[in-house]
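In what follows, a structure is listed as structure tokens, so that the remarks can point back to it.
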Amino acid sequence: MMGNRKREIVEDFAIIGGLIGVQFMYAGNSVVSSYLMMLGFKPSSLIILSSLATFLILSPFSFMFERNQWPRGMSLKLLIQLFLISFGGVTLFQSLFMKGIKLTSPAMATAMPNLAPGLIFLIAWAFGLEKVELRCKYSRAKIAGTLLCVTGAILMSLMQSSSNPKEVPSSPPDHKDNFFDPEKIKGSMYLMAAIVVLSSNIVLQAATLGDFPAPISLCAITSLIGMVLTGIVQLIQQGSLEIGLPLLNIRDLIGYSLLVLLVEHV
């Protein structure tokens, strides 16, 4: 009895420690992404490089551990699901997230993913994947927590200061301009849209694993497809595939790619 209790305590601490670690990785990813874009990297090129790194790193593991779980054939339904996961989770989500970071700050980008659990709950509820009993305290707590998260995100989006603390103002500050920064509000909307896409994508991944019960392989395949789709979008929008002119070496690029891999698939 005591042994089971100790194991449960260790598992609880492991889960809490893992969640805290994920937040640190989200913060690191946001800071590094912001830094690379300041140096000249295009957001689409960051998505392409990180997706390629994800595919190259996960592919050997998927072959070694999951090849017996691969489906024997690809149905039209599964192909559509893979396409939607790739476009939503790689191209669309990361593009919106990068734009949001560029217009706001790494701190804001790190805080926004906390909306995801509440949104996942609402989306799963809407599609009948989550049962809700309003008489149940657990269900009411999840609904209240979701509303609280959404309210907090909206307040964070609106109540941001546009002033630089290092600058000494030559005239009394205009509280309206400092309180509501249009650029940061726009960036916050990008971040919120990215989290909605991410939440929908997670629900779709959960449904897809029923037909494709190989999570590592699913991540590898969708990363490859997402990389191709991102390249196509960049070609359509800009007419060429350009990385930008960052003052970085290959070690920095490998470090960033590994960091994004950890953030996306922990």
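No experiment lies behind these values; they were computed from the predicted model shown.
- Considering every non-hydrogen atom in both Thr104 and Gly100, the closest pair reads OG1-O, 2.5 Å.
- A donor-acceptor pair under 3.5 Å is formed between the side chain of Ser62 and the backbone N or O of Ser59.
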Carefully, step by step, assess Lys99 and Lys186 under the rule side-chain contact (heavy atoms from CB on, under 4.5 Å).
CA-CA 9 Å; Lys99 289 182 179 179; Lys186 182 179 177 181; over 6 Å; no
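- Residue Met227 comes nearest to Val90 through the heavy atom pair N-CG1, 4.3 Å, listed as atom of the first residue, atom of the second, then distance.
- Taken from NZ in Lys42 to CG in Leu49, the straight-line distance is 13.5 Å, to the nearest 0.5 Å.
- Summarising the geometry, atom CD1 belonging to Ile221 is positioned 13.5 Å from atom OG1 belonging to Thr54; distances are rounded to the nearest 0.5 Å.
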Which atom pairs, one a donor and one an acceptor, fall under 3.5 Å between side chains of residues 190-204 and the rest of the protein, sequence neighbours left out?
from   : atom 1 : to     : atom 2 : distance (Å)
Ser199 : OG     : Ile195 : O      : 2.8
Ser200 : OG     : Val196 : O      : 3.0
Asn201 : OD1    : Gly89  : N      : 3.4

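- Contacts classified as salt bridge (charged side-chain N to carboxylate O under 4.0 Å, His left out) and involving residues 109-124 (residues at least two apart or in different chains) are not found.
- Atom-to-atom distance recorded for Ile225:CD1 and Phe83:CZ is 9.0 Å, nearest 0.5 angstrom.
- For the atom pair Phe212 CZ and Ile85 CD1, the distance stands at 9.5 Å (nearest 0.5 Å).
- A pairwise comparison of heavy atoms in Ala220 and Leu58 identifies CB-CB, 4.0 Å as the closest pair.
- Within the structure, salt bridge (charged side-chain N to carboxylate O under 4.0 Å, His left out) pairs that include any residue of residues 79-98 do not occur (at least two apart or interchain).
- Between the side chain of Ser50 and the backbone N or O of Ile47, at least one donor-acceptor pair lies under 3.5 Å.
- Between Leu82 and Met74 the shortest side-chain heavy-atom distance falls below 4.5 Å.
- Gln81 CD to Leu76 CG: the interatomic distance, rounded to the nearest 0.5 Å, is 10.0 Å.
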Would you check, one step at a time, whether the test side-chain contact (heavy atoms from CB on, under 4.5 Å) holds for Phe87 with Phe93?
CA-CA 8 Å; Phe87 181 74; Phe93 163 67; over 6 Å; no
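- Minimum heavy-atom separation, Leu78 to Pro71: CD2-CG, 4.0 Å.
- Every pair tested for salt bridge (charged side-chain N to carboxylate O under 4.0 Å, His left out) that includes a residue from residues 48-73 fails, sequence neighbours excluded, so the list is empty.
- A side-chain donor-acceptor contact under 3.5 Å links Ser86 to the backbone of Thr222.
- When all heavy atoms are compared, the tightest approach of Gln69 to Pro213 is OE1-O, 2.6 Å.
- Taking 4.5 Å as the limit, every side-chain heavy atom of Val233 sits out of range of all side-chain heavy atoms of Ser44.
- Legend: residues meeting side-chain hydrogen bond (donor to acceptor under 3.5 Å, both in side chains) with Thr91, ordered by chain and number and at least two apart, are Thr230.
- Within the structure, salt bridge (charged side-chain N to carboxylate O under 4.0 Å, His left out) contacts touching residues 189-214 (residues at least two apart or in different chains) are Lys77-Asp211.
- Looking only at distances, no side-chain donor or acceptor of Ser51 sits under 3.5 Å from a matching main-chain atom of Ile48.
- Note that the CG atom of Leu229 and the CG atom of Leu92 stand 11.0 Å from one another [nearest 0.5 Å].
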